[in-house]
Amino acid sequence: MSSQVLVEKKKLEHPPRDIRYLGDRDLRQSAKRVAQVDADIRQLVREMLQSMYTADGIGLAAPQVGVHKQVIVVDCDLENPATPPLVLINPVIKKFGGDECTYQEGCLSIPGVYLDVKRPEIIEVAYKDERGRPQKMTANGIVSRCIQHEMDHLNGVLFVDRVENHLALTEELAKQGFSTKDVKSML
């Protein structure tokens, strides 16, 4: 079966959804579970993918476009049009595994800021796909990190909240015109 949300991996002159930036209240609200995966949810997914591709992102969560629903999209293979994006609706991490790894992260909601974040290397995640079918997958590497990053958005958490190096955080945010008062440190 082919995906019901396929979109071309290209930049649009006018993306359908505006991405919210650090300091916007929408980014700090928890998302609600999706009761039914229907045509409206699939349209949201299409628009999220188009907005993500336009912004050169590899992941996007619905709260980043002002929609408080548990929907994330991930595509870590932007160069290959044949690789479909991941669509995770109501995702839940069932298990963490591997070592904690530190890797540089960025975020479409905090453009230009890239900082080290420590996360588990492997996750097992349960979710519904764009047809509403229950799915389960094990992810590692960049896909695992991206899913964890986007799932944080569903709980009002941003990657800067997980940064351990506060000096680097302060410097990088200031360079891009963001304020540390919008960070809610989890450490």
Side-chain angles (χ1 to χ4, degrees), residues 9-31 47-80 85-86 88 91 93 96-123 125 139-187:
K9 296 183 183 187
K10 68 175 187 176
K11 288 178 177 256
L12 301 177
E13 194 172 323
H14 302 288
R17 300 274 179 161
D18 290 330
I19 295 173
R20 305 300 200 274
Y21 296 112
L22 180 65
D24 189 304
R25 288 185 333 198
D26 280 330
L27 294 174
R28 294 303 186 172
Q29 294 180 28
S30 292
E47 292 174 359
M48 287 173 60
L49 285 166
Q50 291 169 325
S51 299
M52 178 185 80
Y53 292 138
T54 298
D56 291 324
I58 60 171
L60 189 68
Q64 290 179 272
V65 293
V67 177
H68 301 289
K69 294 185 178 181
Q70 291 184 8
V71 178
I72 65 173
V73 295
V74 172
D75 189 345
C76 295
D77 194 8
L78 298 177
E79 302 302 313
N80 187 349
L86 287 170
L88 292 83
I93 295 176
F96 294 98
D99 295 327
E100 290 244 320
C101 297
T102 300
Y103 196 81
Q104 197 172 70
E105 292 187 21
C107 183
L108 294 177
S109 292
I110 317 170
V113 175
Y114 301 93
L115 293 159
D116 287 342
V117 176
K118 191 183 295 184
R119 294 189 190 270
E121 184 178 19
I122 302 168
I123 58 167
V125 62
N140 60 25
I142 190 72
V143 175
S144 169
R145 180 167 293 275
C146 192
I147 290 170
Q148 291 177 71
H149 174 113
E150 299 310 329
M151 285 182 66
D152 271 354
H153 279 295
L154 301 181
N155 296 308
V157 175
L158 303 177
F159 89 96
V160 291
D161 302 338
R162 296 186 179 277
V163 171
E164 293 178 6
N165 184 336
H166 291 282
L167 179 59
L169 174 65
T170 302
E171 288 175 357
E172 289 303 307
L173 288 176
K175 275 190 217 170
Q176 300 302 325
F178 293 107
S179 171
T180 55
K181 74 174 179 53
D182 294 315
V183 175
K184 297 183 181 351
S185 181
M186 300 184 70
L187 305 173

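- The closest donor-acceptor contact from the side chain of Asp99 to the backbone of Cys101 lies at 3.5 Å or more, if one exists at all.
- Between the CG atom of Leu158 and the OH atom of Tyr21 there is a distance of 13.5 Å, given to the nearest 0.5 Å.
- Between Leu27 and Leu22, the shortest heavy-atom contact is CD1-N, 3.7 Å.
- In this structure, Arg25 contributes its side chain and Gly23 its backbone to no donor-acceptor pair below 3.5 Å.
- With contacts defined as side-chain heavy-atom distances shorter than 4.5 Å, the pair Val113/Phe159 qualifies.
- Separation of atoms CD1 (Ile110) and CG (Leu173) is listed at 7.0 Å; rounding is to 0.5 Å.
- Across all non-hydrogen atoms, the minimal contact from Tyr53 to Pro85 is OH-CB, 3.8 Å.
- Here the side chains of Val163 and Glu172 are not in contact, with every heavy-atom distance at 4.5 Å or above.
- The stretch residues 57-78 participates, sequence neighbours left out, in these salt bridge (charged side-chain N to carboxylate O under 4.0 Å, His left out) pairs: Lys9-Asp75.
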- Item | Residue pair Val117, His149: steps toward the side-chain contact (heavy atoms from CB on, under 4.5 Å) verdict | CA-CA 10 Å; Val117 176; His149 174 113; over 6 Å; no
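- Taking all atoms of both residues into account, the shortest heavy-atom contact from Ser109 to Ile19 is OG-CG2, 3.8 Å.
- The line from CD1 of Ile123 to CD1 of Ile147 is 4.5 Å long, rounded to the nearest 0.5 Å.
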Exercise for the section: Check the pair Asp116, Asn165 against side-chain contact (heavy atoms from CB on, under 4.5 Å), reporting the backbone distance first and the verdict last. Expected result: CA-CA 8 Å; Asp116 287 342; Asn165 184 336; over 6 Å; no
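- To the nearest 0.5 Å, atom CG of residue Asp18 and atom CG of residue Asp24 are 10.5 Å apart.
- Side chain of Asn155 to main chain of Val157: no donor-acceptor pair is present (N/O by atom type, distance under 3.5 Å, no hydrogens or angles).
- Under the rule for a side-chain hydrogen bond (donor to acceptor under 3.5 Å, both in side chains), the partners of Gln148 that lie at least two apart in sequence or sit in another chain are Ser144.
- Rounded to the nearest 0.5 angstrom, Leu169 CG and Glu164 CD are separated by 11.5 Å.
- The two residues Gln50 and Leu12 come nearest to each other via the heavy atoms CB-CD1, 3.7 Å.
- A salt bridge is defined here as a Lys NZ or Arg NE, NH1 or NH2 lying under 4.0 Å from an Asp or Glu carboxylate O, and Arg17 with Glu47 meets this definition.
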| query | Should Lys11 and Asp56 be marked as a side-chain contact (heavy atoms from CB on, under 4.5 Å) after you check the CA-CA gap, both sets of side-chain angles, and the distance that decides it? | reply | CA-CA 8 Å; Lys11 288 178 177 256; Asp56 291 324; 2.7 Å; yes
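- Considering every non-hydrogen atom in both Leu108 and Gly59, the closest pair reads CD1-O, 3.8 Å.
- Contacts classified as salt bridge (charged side-chain N to carboxylate O under 4.0 Å, His left out) and involving residues 151-161 (residues at least two apart or in different chains) are given here: Arg28-Asp161, Arg119-Asp152, Asp152-Arg162.
- Taking all atoms of both residues into account, the shortest heavy-atom contact from Ile58 to Met52 is C-SD, 3.5 Å.
- Annotation: the span from Gln104 atom CD to Leu115 atom CG amounts to 7.0 Å, rounded to 0.5 Å.
- A donor-acceptor pair under 3.5 Å links the side-chain atoms of Glu150 to the main chain of Ala61, judged by distance alone.
- Gln64 has its side chain out of reach of Ser51: every pair of non-hydrogen atoms, C-beta onward, lies at least 4.5 Å apart.
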